[in-house]
**Student:** 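Shown below is the structure under consideration.
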Amino acid sequence: MNFEDRPVKLGVNIDHWATLRQARRDVEPDPIAAAKLARQAGADMIVAHLRRDRRHIQDKDLFELCRLRGKTHVEVCADPAMLAVVTKAKPFSVCLVPERPGEVSTEGGLRLADGAEKAAGRAIERLKKSGMSVSLFIDPEASAVRSAKSLGADTVELCTTAYAESKGGREGKTALEKIDLAAYLAHELGLRVHAGHGLDYENVRAVAGIAHLEAVNIGFSIVSRSVFVGINAAVAEMKKLLA
Ligand code: PXP
């Protein structure tokens, strides 16, 4: 374990406070106010996913978030029109993710082979030229880690969906080992390591124990918990699990 990486930092994804607002196309709950509260409660980074269908975060939210003090991290697909918005907003960092029209949430890591890596390469170049640090959301596979490195990414976010959906047992152990190995390789190659998707209060600790992991990005479970206990307690509780 590299203790310099501890405690693992918490990126709080605010999308689903915006989902609630968009249910009525109204002004509340205000995701920017939620971001401020999450930050006060200990979030190290505020994360938002700008989707093509704008079903949660809107462009205006993104610009406001990027003006707040502290780090804003944006997830977006490599579509040039989406990148144009993000390069204008100038968050601290950007994570490139795949996006399938109609998906409920991100469905695994980027494909970085058979020509599909070209769009990611162009996007990385564009974002880095605009001064942003770039992460790639990838499945925990050695080939994807190597591709991320050769494309010039600064960070990889390892997809934890398979682990989160495994509900523990042998399958969970295997999924966790894959994340562990991918994190090790990424670190050896000089990449920073994040992880996320599907993490919650029950399954986060095992992921947080992975060496070289710098941050986890968590949204849905924190927003869900906040409905019952409030944003402050929901974020603080998650931070405690990472300590
Ligand atoms: N990481 C990435 C790359 C994502 O696309 C998402 C969902 O927007 C998350 C993390 C957060 O996932 P969850 O809401 O399941 O915590």
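Both counts, for ligands and for their atoms, begin at 1 and track the order of listing.
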**Student:** Please list the nearest protein heavy atom to atom 15 (O) of ligand 1 with its residue and the distance rounded to 0.1 Å.
**Tutor:** G198 N, 2.9 Å
**Student:** Give the residue, atom name and distance (to 0.1 Å) of the protein heavy atom nearest atom 1 (N) of ligand 1.
**Tutor:** E157 OE2, 2.6 Å
**Student:** I need the atoms of ligand 1 closer than 4.0 Å to a non-hydrogen atom of D15, numbered in the order shown.
**Tutor:** 8 (O)
**Student:** Do the rings of H187 and H212 sit parallel, tilted or perpendicular, given the 30° and 60° boundaries?
**Tutor:** parallel
**Student:** Could you tell me whether S105 and ligand 1 have an N or O pair separated by under 3.5 Å?
**Tutor:** no
**Student:** Within the distance-only criterion (no hydrogens, no angle test), does the side chain of R52 pair as donor or acceptor with the backbone N or O of C77 below 3.5 angstrom?
**Tutor:** no
**Student:** Charged N to carboxylate O below 4.0 Å: is that the case for K128 and D154?
**Tutor:** yes
**Student:** For N13, take its heavy atoms, then give the atoms of ligand 1 lying under 4.0 Å from any of them.
**Tutor:** 8 (O)
**Student:** Nearest protein heavy-atom contact for atom 5 (O) of ligand 1: which residue, which atom, what distance?
**Tutor:** T106 OG1, 2.7 Å
**Student:** Between H16 and ligand 1, which residue portion shows a heavy-atom distance shorter than 4.0 Å: side chain, backbone, both, or neither?
**Tutor:** neither
**Student:** Apart from V97 itself, what residues make up its hydrophobic cluster when side-chain heavy atoms of I, L, V, M, F, W and Y under 4.5 Å apart count as a link, directly or indirectly?
**Tutor:** F137
**Student:** Taking salt bridge (Lys or Arg N to Asp or Glu O under 4.0 Å) as the definition, give me every residue that meets it alongside E202, ordered by chain and number, with sequence neighbours left out.
**Tutor:** none
**Student:** Which atoms of ligand 1 are found less than 4.0 Å from any heavy atom of V97?
**Tutor:** 3 (C)
**Student:** Only one of E99, H56, E75 clears side chain to side chain donor-acceptor pair (under 3.5 Å) with R51; which?
**Tutor:** H56
**Student:** Which heavy atom of the protein is the closest neighbour of atom 16 (O) of ligand 1, given with residue, atom name and distance?
**Tutor:** G219 N, 2.8 Å
**Student:** Relative to ligand 1, is F220 under 4.0 angstrom through side chain, backbone, both or neither, heavy atoms considered?
**Tutor:** both
**Student:** Distance to 0.1 Å, residue and atom name: give those for the protein heavy atom nearest to atom 4 (C) of ligand 1.
**Tutor:** E75 OE1, 3.3 Å
**Student:** How far is atom 12 (O) of ligand 1 from its nearest protein heavy atom, and which residue and atom is that?
**Tutor:** H197 CD2, 3.4 Å
**Student:** Is the number of heavy atoms from other residues, nucleotides or ligands under 6.0 Å of E107 CD greater than 12?
**Tutor:** yes
**Student:** Please identify which of these residues, L50, T19, N13, meets the side chain to side chain contact (heavy atoms under 4.5 Å, CB included) condition with I57.
**Tutor:** L50
